[in-house]
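A short worksheet on the structure shown next.
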Amino acid sequence: MARWSQLPKDLLLLIAQRLNSHFDLLCLRSVCSSWHACDPSRLHPLPSRFPILPTNGTSWGLYLSRRTILCLGLPESHCQPTISSWLIKVEEDVPDMAHLVNPLSTFQFKHLPPNFPKTFDFSRFRVSELGQEYVLQYMNHRPSGEADEGSLHKGKVAFSSTGNGEDFVMLTIHVSGKLAMFRHGNKRLILINDTPSPCDDLIFFNGEFYAIDNTGRTVVVAIGSPPVLSLIADSVFGGDKKSLVESNGELLMVDTYFGQGIHRRMKRAVRFKVFKLDQIGHMWVEVESLGNRILFLGEKSTFSAVASEFCGCEGNCIYYTNTFFCPNGQGDDAYTAIDIFNLENGNMGPLLSFPDYSKVIWPPPAWVYTDNIGGI
């Protein structure tokens, strides 16, 4: 039987070149000493920033920032059933510099423990990537009152690229509610006018772009000139906002119902329904249980995880940001506007009310910033 450690260097390099994620590459190089010798300078990992030109000759432009959502756990040799994994989001806008970001919002963690390391060695941990988040940001200050067809609604982005980032396609939601596409080499966003109702969400799933409007009508967006929309599921009326999320290889839709908040102009989620896409029947089918899965509905992205990764947590629940309740992000940077919903019994409330579930996000577990992992 061949030993993995003796894999030819050329073959190892070919494998590494097919990894889109910096963290997948990190995991590959952590397998053994011979794999660690794989020279990263010969690789071309996907960049964390993609410049996008101004849309109409204005002085400001956009760039696309990538963030990676990770589940950190103890190495297999130190795993214990009573120690939970930790969920984080890593922002790498500046080369060789990373920031830890709340996985469901855009806010950096500020109040880290005093002995939390300034440099973070991910090779010490068991790392699994749960998803990537792409956010459009302004390169320069945008002049007050200046607007054009490049203005964006919430900046939600779905993204696809080649492994080295030389060719990429971005799909986002325009302020009008229409879809907008940008492909590497274009000079401006291309508006897609074939959507009868405003879009709520979009996702890149199984090699294709999916978009859903506020009625639940769902389309696949084919890259072309112009882009072509194909109906994949009819409307599902009921809730107030539709979100798309991948879970265990399936495409799910979460239908959120809003109710009146504390203040007259504020609304907050009061219940959820979950549906699974039936591509053959061209319809959304309601799901009664998520089993051992947890869904996460963030401000800029959605993702899912296995509940058994987190000690004390059960599946069949949804973490979500109540941004309609706390639009300015005021409050504790770790818990701001994050609530949880149990799909089985309908119980819901602030994350702080569920200690076993809140530690998935905060505070950082001690083993993350302890030098002697073996002593845990």
Side-chain angles (χ1 to χ4, degrees), residues 20-21 23 46-50 52 62-71 87-93 98-110 129-139 142 150-161 168-175 177 179-182 189 198-205 209-212 214 241-247 251-254 256 269 294-305 318-331 333-339 351 360-362:
N20 288 337
S21 166
F23 294 97
L46 194 66
S48 59
R49 284 177 61 147
F50 296 83
I52 295 178
L62 300 167
Y63 72 88
L64 189 64
S65 172
R66 185 190 62 185
R67 299 158 184 172
T68 307
I69 301 155
L70 302 173
C71 179
L87 194 64
I88 62 170
K89 183 163 58 182
V90 179
E91 180 181 65
E92 295 181 286
D93 269 3
H99 296 101
L100 297 184
V101 182
N102 187 311
L104 295 186
S105 75
T106 59
F107 298 102
Q108 294 181 11
F109 285 137
K110 297 179 181 178
E129 183 176 313
L130 301 183
Q132 294 185 350
E133 172 181 286
Y134 297 89
V135 180
L136 280 166
Q137 304 190 63
Y138 292 113
M139 289 181 177
R142 179 179 172 181
S151 299
L152 303 172
H153 172 59
K154 295 185 179 178
K156 182 67 182 288
V157 172
F159 181 85
S160 170
S161 82
F168 65 86
V169 179
M170 178 197 78
L171 190 69
T172 187
I173 301 175
H174 184 260
V175 67
L179 293 170
M181 180 175 284
F182 184 92
L189 289 165
C199 289
D200 265 1
D201 201 10
L202 37 78
I203 193 172
F204 187 72
F205 172 74
F209 288 104
Y210 288 76
I212 188 168
N214 57 13
K241 177 174 173 54
K242 274 68 175 174
S243 301
L244 298 174
V245 56
E246 185 274 332
S247 178
L251 184 59
L252 304 183
M253 182 264 285
V254 180
T256 307
I294 300 175
L295 303 185
F296 297 85
L297 308 182
E299 292 179 11
K300 304 291 185 181
S301 61
T302 62
F303 57 96
S304 65
I318 301 172
Y319 285 68
Y320 61 98
T321 53
N322 238 325
T323 51
F324 281 82
F325 173 66
C326 190
N328 296 321
Q330 299 299 318
D333 60 348
Y335 296 113
T336 294
I338 298 178
D339 288 6
L351 189 58
V360 170
I361 296 177
W362 192 262

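These numbers come from the heavy atoms of this one structure, side chains and all, not from hydrogens, waters or symmetry mates.
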Legend entry - Check: Ile294 main-chain N/O paired with Ser304 side-chain donor or acceptor under 3.5 Å: no

Inset, instruction - Determine yes or no for a side-chain-to-main-chain donor-acceptor pair under 3.5 angstrom, with Lys89 supplying the side chain and Ser105 the backbone. - result: yes

Would a 4.5 Å heavy-atom cut-off, applied to side chains only, mark [X] and [Y] as touching?
X: Lys241; Y: Asp200; answer: yes
X: Leu100; Y: Val90; answer: yes
X: Leu104; Y: Phe303; answer: yes
X: Phe296; Y: Leu87; answer: yes
X: Tyr320; Y: Val254; answer: no

Approximate separation, where rounding is to 0.5 Å, of [X] [atom1] and [Y] [atom2]:
X: Met253; Y: Ile203; atom1: CE; atom2: CD1; result: 13.0 Å
X: Phe205; Y: Leu244; atom1: CZ; atom2: CG; result: 10.0 Å
X: Lys156; Y: Leu202; atom1: NZ; atom2: CG; result: 6.0 Å
X: Leu295; Y: Leu252; atom1: CG; atom2: CG; result: 6.0 Å
X: Trp362; Y: Asn102; atom1: CH2; atom2: CG; result: 9.5 Å
X: Leu179; Y: Cys199; atom1: CG; atom2: SG; result: 3.5 Å

Inset, instruction - Please list, chain by chain and in numerical order, all residues satisfying side chain to side chain donor-acceptor pair (under 3.5 Å) with Thr256, sequence neighbours excluded. - result: none

Inset, instruction - Applying side chain to side chain donor-acceptor pair (under 3.5 Å), name anything that partners Thr302, two or more places apart in sequence or on another chain. - result: none

Write down the atom of [X], the atom of [Y], and the distance for their closest heavy-atom approach.
X: Thr321; Y: Gly298; result: OG1-C, 4.0 Å
X: Leu297; Y: Ser243; result: CD2-CB, 4.3 Å
X: Glu129; Y: Leu70; result: CA-CD2, 3.9 Å
X: Ser301; Y: Ile69; result: OG-CD1, 3.7 Å
X: Tyr134; Y: Val157; result: O-CB, 3.5 Å

Legend entry - For Val169, all residues meeting side-chain contact (heavy atoms from CB on, under 4.5 Å), sequence neighbours excluded: Met181, Arg183, Phe209, Ile223

